[in-house]
Amino acid sequence: MRIGEVAQAAGTSTKTLRFYEDVGLLPPAERTQSGYRDYDAEVLGRLGFIHRGQAAGLTLAQIGQVLQIRDGGEAPCRDVTDLLEARIEGIDRQIAELQQLRTTIAELRDDAAGADPTTCPPGDVCHYL
């Protein structure tokens, strides 16, 4: 398959495919006599894995590490589990931080809602922020 066909089938761009090849996420494609990239159909499965990894919030470097393990002949299941567990822990931390931020902002809003604008010092823009 030519690069345009692969890009269309995978829902990505030819530029992205070239980038993935440059950084080692995709193996170099075979070339036709005229120099065009010629991919086999297996590349679509690899691209699907890359896209699913990105959708789960993994970095391209992390995805590349998993692909290297697979390309080395080993099943990367344990590594994927570890990456996903770390991702979940990161999301949980973000949620806790956002919940604390929401509480802080709600308190500021409540304080500001009860304020008397006539008592605000003229040199302050707003002493609630």
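Residues L58 and V80 form no side-chain contact, since every pair of their non-hydrogen atoms from C-beta on lies 4.5 Å or further apart. Taking 4.5 Å as the limit, some side-chain heavy atom of Q54 sits within range of a side-chain heavy atom of I63. For the pair L60/Y20, a side-chain contact is recorded, criterion being any heavy-atom separation below 4.5 Å from C-beta on.
Distance check, rounded to the nearest 0.5 Å: CG of L108 to OG1 of T104 gives 7.0 Å. To the nearest 0.5 angstrom, D111 atom CG is 11.0 Å from L129 atom CG. Expressed to the nearest 0.5 Å, how far CG of D22 lies from NZ of K15 amounts to 11.5 Å. In this structure, I88 CD1 and I95 CD1 are separated by 10.5 Å, a value rounded to the nearest 0.5 Å. In this structure, L25 CG and F49 CZ are separated by 9.5 Å, a value rounded to the nearest 0.5 Å. Separating the CD atom in E107 from the CZ atom in R102 is a distance of 11.0 Å, to the nearest 0.5 Å.
Remark: the backbone N or O of Q99 is paired with a side-chain donor or acceptor of T103 at under 3.5 angstrom. The main-chain N or O of D38 is never found under 3.5 Å from a side-chain atom of R2 such that the two would form a donor-acceptor pair. Of the possible polar contacts, one joining the Q62 side chain to the T59 backbone as a donor-acceptor pair under 3.5 Å is found. Distance alone, capped at 3.5 Å, places no donor-acceptor pair between the D124 side chain and the C126 backbone.
Other residues, nucleotides and ligands place more than 12 heavy atoms under 6.0 Å from the CZ atom of R31. By the 6.0 Å contact criterion, CD on E42 is open, its count of non-hydrogen atoms from other residues, nucleotides or ligands being 12 or less.
For R52, the side-chain hydrogen bond (donor to acceptor under 3.5 Å, both in side chains) test picks out no residue, with sequence neighbours left out. Contacts of I3 classified as side chain to side chain contact (heavy atoms under 4.5 Å, CB included), with partners at least two apart in sequence or in another chain: T14, L17, R18, R37, Y39.
The two residues M1 and E5 make their nearest non-hydrogen contact at CA-OE1, 3.3 Å. A7 and S13 get closest at one heavy-atom pair: CB-C, 3.8 Å. What you find for A10 and H51 is that their closest heavy atoms are O-CE1, 3.4 Å.
When the side chains of ILVMFWY residues are joined at heavy-atom separations under 4.5 Å, either directly or via intervening members, V43 and V66 end up in a single hydrophobic cluster. By the rule that hydrophobic residues join a cluster once side-chain heavy atoms approach within less than 4.5 Å of another member, L26 and F19 end up as members of one cluster.
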Inset, instruction - Would you sort out whether I50 and T12 count as a side-chain contact (heavy atoms from CB on, under 4.5 Å), showing the intermediate values? - result: CA-CA 11 Å; I50 293 168; T12 192; over 6 Å; no
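In summary, R46 and D71 engage in a salt bridge, as defined by a charged side-chain N under 4.0 Å from a carboxylate O.
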